[in-house]
Amino acid sequence: MLQRLLSDYDHSLNHSGVDGERLAKRLAELSDIGRTSEDGSYRLGFSAEERQAKELVKKWMAEAGLKVKEDEAGNVFGRKEGKNNLPAILSGSHVDSVPNGGHFDGPLGVLSALEVAEAWKDTGYVPERPFEVVIFTDEEGSRFNGGLTGSTAFVGDLDLERQRTLTDKEGLSFEQVLEKDGLSIETITNAKRNSDEVALFVEVHIEQGKRLEKNDLPIGIVTGIAGPAWFEFTFDGEAGHAGNTPMNDRKDALGAASAFIGKVQALPGTISNSAVATVGKLNVHPNGVNVIPGQVKLYVDIRDIFEGTRDQLVNEIVQEAEAISKQSGVDVTWKEMIRKEPVPIQSDLQDTFRKAVENDGVKPFYLPSGAGHDAMIVGRHIPAAMLFVRSKDGISHNPSEWSSLNDCVQGVHALRTFIEMSMDELSG
């Protein structure tokens with residue numbers, strides 16, 4: 001990985017204390033922890049591998065002159081004091097992964113924030129207020145089918161009773177897993193941070209999409225983090241013989257569901273340019289080659305960065321389901337599974353990132369985040385901003401996940417400039 005990162009690196013990007021080779025070596029060293037036979041990453045939340053990655057970054061934090069602390073949820077903080085004892089600016093991400101995932105999702109955000117601290121150490125810059133590099137634990141949630149555990153505990157929103165009911169695939173309870181990692185379910189809620197201590201959180205993350213690649217840009221400014229709404233729709237028709245039932249005498253549940261899926265695909269663009277809707281799971285019963293489907297159960301994932309247009313899309317999708325039911329004679333029922341608030345990024349933070357990006361000679365480009373991130377959780381309580389780094393072919397959660405070192409370092413420079421500008425703006 002290191003050789004590939006350095007193979008086409010533009011060394012002119014090494015300036016203002018930022019060292020691309022240092023960033024590359026650290027990305028490569030983290031990638032060796034939990035490496036799979038397919039050259040992917042396997043570091044589940046609260047696992048020995050996640051712990052090993054945290055301990056390695058702790059070592060780097062200390063070497064960078066940061067004061068290292070870990071809270072009761074396993075979140076790690078490396079703090080650099082500022083000229084004034086004011087609420088801190090935090091930046092980071094996570095180091096856990098999905099099974100056989102990539103090597104940039106999470107670690108890039110942590111190491112970018114750490115590289116900012118390294119750059120300040122090398123140039124003698126002292127920030128106006130404290131700065132903290134953060135590793136949030138168990139962001140991906142692959143172990144317990146949840147996720148964002150560390151950041152949720154950090155803001156005080158962890159549902160402890162729900163957490164007590166969780167078990168992993170090995171049958172270990174959440175409480176047992178915590179104990180193996182040196183933590184305790186009895187004290188995990190003590191990880192809640194006083195929001196008055198934090199002025200701003202900023203996260204660098206790979207895009208996990210193709211917008212930047214299609215526009216040939218290394219980095220992009222995130223306008224908001226979409227809030228998902230998940231619904232289960234059940235179409236109930238009549239199963240029958242595929243050969244002996246005339247076409248005009250059928251109640252084909254799959255036919256109705258198919259018409260509905262077409263509407264789900266077409267509706268988002270009529271409401272918002274940042275809205276999306278996906279049917280990703282579908283069950284057909286009785287699922288026989290020569291049987292008219294009697295029932296179809298499907299699941300719709302609806303997202304937008306604006307709550308109003310997201311909920312408008314939800315309403316129109318439900319209306320389309322009911323209209324198709326009336327037209328086809330197939331009954332439809334639906335139920336809401338989850339509905340999370342989206343987190344728009346404040347316009348003034350977007351504007352600061354615009355200035356930071358332009359300062360480094362990059363054209364500003366704005367794009368939404370369809371995926372959830374720690375910034376989504378933190379951003380519900382304190383101001384949060386995000387910067388995306390270009391993903392090759394838009395691939396993520398896969399061993400083929402890749403971002404060039406040039407793009408990664410461009411992201412570090414934009415992050416450093418953004419934080420320095422924010423230090424001055426918040427203090428002013």
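All heavy atoms count here, side chains included; hydrogens, waters and symmetry mates do not. Index from 1, following the sequence.
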Main-chain N/O of Glu207 paired to Ser391 side chain as donor or acceptor, under 3.5 Å:
yes
Would you indicate whether the side-chain heavy atoms of Lys69 and Arg79 approach each other to under 4.5 Å?
no
Quick one: does Asn14's side chain get under 4.5 Å of Tyr9's, heavy atoms only?
yes
Quick check with a 6.0 Å cut-off and a 45 degree axis cone: is Arg354 positioned over the face of Phe365's six-membered ring?
no
Intermediate values then yes/no, ring pair (Phe, Tyr, Trp, His ring centres under 6.0 Å), Tyr299 and Phe231
CA-CA 6 Å; Tyr299 300 85; Phe231 289 80; over 10 Å; no
Return yes if some donor-acceptor pair links the side-chain N/O of Glu55 with the main-chain N/O of Gln52 below 3.5 Å, else return no.
no
State the CD-CG distance between Glu203 and Leu415, to the nearest 0.5 angstrom.
10.5 Å
Determine whether a donor-acceptor pair (N or O, by modelled atom type, separation under 3.5 Å) exists between the side chain of Glu115 and the backbone of Asp19.
yes
Between Thr149 and the options Asp138, Asn75, Thr137, the side-chain hydrogen bond (donor to acceptor under 3.5 Å, both in side chains) test singles out Asp138
Measuring only between side-chain heavy atoms, which start at C-beta, is Ser93 closer than 4.5 Å to Phe136?
no
Can you tell me how far apart CG (Asn215) and NZ (Lys210) are? Round to the nearest 0.5 Å.
13.5 Å
Among side-chain atoms of Ser396 and Glu401, is any donor-acceptor pair under 3.5 angstrom?
yes
Full working for side chain to side chain donor-acceptor pair (under 3.5 Å) between Arg43 and Ser47
CA-CA 7 Å; Arg43 294 191 299 267; Ser47 66; over 6 Å; no
Side chain to side chain donor-acceptor pair (under 3.5 Å) evaluation trace for Asp304 with Ser274
CA-CA 6 Å; Asp304 199 358; Ser274 56; 2.4 Å; yes
Could you report the tightest heavy-atom contact between Ser31 and Ala28, atom names first, then the distance?
OG-O, 2.6 Å
So Phe388 and Leu367, do their side chains get closer than 4.5 Å, heavy atoms only?
yes
Could you check whether any side-chain heavy atom of Phe174 comes within less than 4.5 Å of a side-chain heavy atom of Phe46, counting everything from C-beta outward?
yes
Lys54 side chain to Glu70 backbone, donor-acceptor under 3.5 Å
no
Any pair with a residue in residues 85-116 that passes ring pair (Phe, Tyr, Trp, His ring centres under 6.0 Å), sequence neighbours left out, goes on the list, sorted by first then second residue, please.
Phe104-Trp402
Closest approach of Pro218 to Asp407 (non-hydrogen atoms, all atoms of both residues)
CB-OD1, 3.3 Å
Is a side-chain N or O of Asn194 found less than 3.5 angstrom from the main chain of Asp196, in a donor-acceptor match?
yes
Run the salt-bridge test on Glu29 and Arg26 with the 4.0 Å N-O cut-off and return the result as yes or no.
no
Under 3.5 Å, side chain of Ser325 to main-chain N/O of Ala321, donor-acceptor pair present?
no
Please determine if Glu21 and Lys25 form a salt bridge, counting it only when a charged side-chain N lies under 4.0 Å from a carboxylate O.
no
Over all atoms of both residues, closest heavy-atom pair of Ser403 and Leu5
O-CD2, 4.0 Å
Report yes if the side chains of Leu66 and Trp60 come closer than 4.5 Å at any heavy-atom pair, otherwise no.
no
Check the angle between the aromatic planes of His15 and His413 and answer parallel, tilted or perpendicular using the 30° and 60° thresholds.
parallel
Roughly how far, to the nearest 0.5 Å, is CG of Asp331 from CD of Gln295?
11.0 Å
Are Arg390 and Glu213 within salt-bridge range, i.e. N to O under 4.0 Å?
no
Any donor-acceptor N or O pair under 3.5 Å, side chains Thr36, Asn100
yes
Checking Thr352 against Glu425: is there a side-chain donor and acceptor pair closer than 3.5 Å?
yes
Please state whether the rings of Trp120 and Tyr125 are parallel, tilted or perpendicular, taking 30° and 60° as the class boundaries.
tilted
Establish, from distance only, whether the side-chain atoms of Gln208 and Asp105 form a donor-acceptor pair under 3.5 Å.
yes
Rounded distance (nearest 0.5 Å) linking atom CG of Leu178 with atom CD1 of Ile188
5.0 Å
Minimum side-chain heavy-atom gap Thr223-Ile305 below 4.5 Å:
yes
side-chain contact (heavy atoms from CB on, under 4.5 Å), paired with Pro342, selected from Arg310, Arg380, Arg303, Met376:
Arg310
Please answer whether the main-chain N or O of Ser347 pairs with a side-chain N or O of Asp351 as donor and acceptor at a distance below 3.5 Å.
no
Before you tell me yes or no, could you show the steps for Lys67 and Phe77 under side chain to side chain contact (heavy atoms under 4.5 Å, CB included), namely the whole-Å CA-CA distance, both residues' side-chain angles and the distance that decides it to 0.1 Å?
CA-CA 8 Å; Lys67 182 180 179 180; Phe77 304 88; over 6 Å; no
Drop me the distance from Asp96's CG to Arg51's CZ, to the nearest 0.5 angstrom.
12.0 Å
Which atoms form the tightest heavy-atom contact between Glu49 and Ile33, and what is the distance?
O-CG2, 3.4 Å
Side chains of Asp301 and Thr278, donor plus acceptor under 3.5 Å:
no
Between Tyr366 and Phe353, is the ring centroid distance below 6.0 Å?
no
I'd like to know if the side chain of Ser16 reaches the main chain of Val18, judged simply by a donor and an acceptor atom lying under 3.5 Å from each other, with no hydrogens or angles considered.
no
What's the spacing between Phe201 CZ and His373 NE2 if we round to 0.5 Å?
10.5 Å
Identify which one of Asp236, Thr234, Asn283 satisfies the side-chain hydrogen bond (donor to acceptor under 3.5 Å, both in side chains) criterion when paired with Lys297.
Thr234
Any side-chain to backbone donor/acceptor pair from Asp71 onto Ala73? Under 3.5 Å, distance only.
yes
Residues Glu132, Lys80: salt bridge by 4.0 Å N-O rule
no
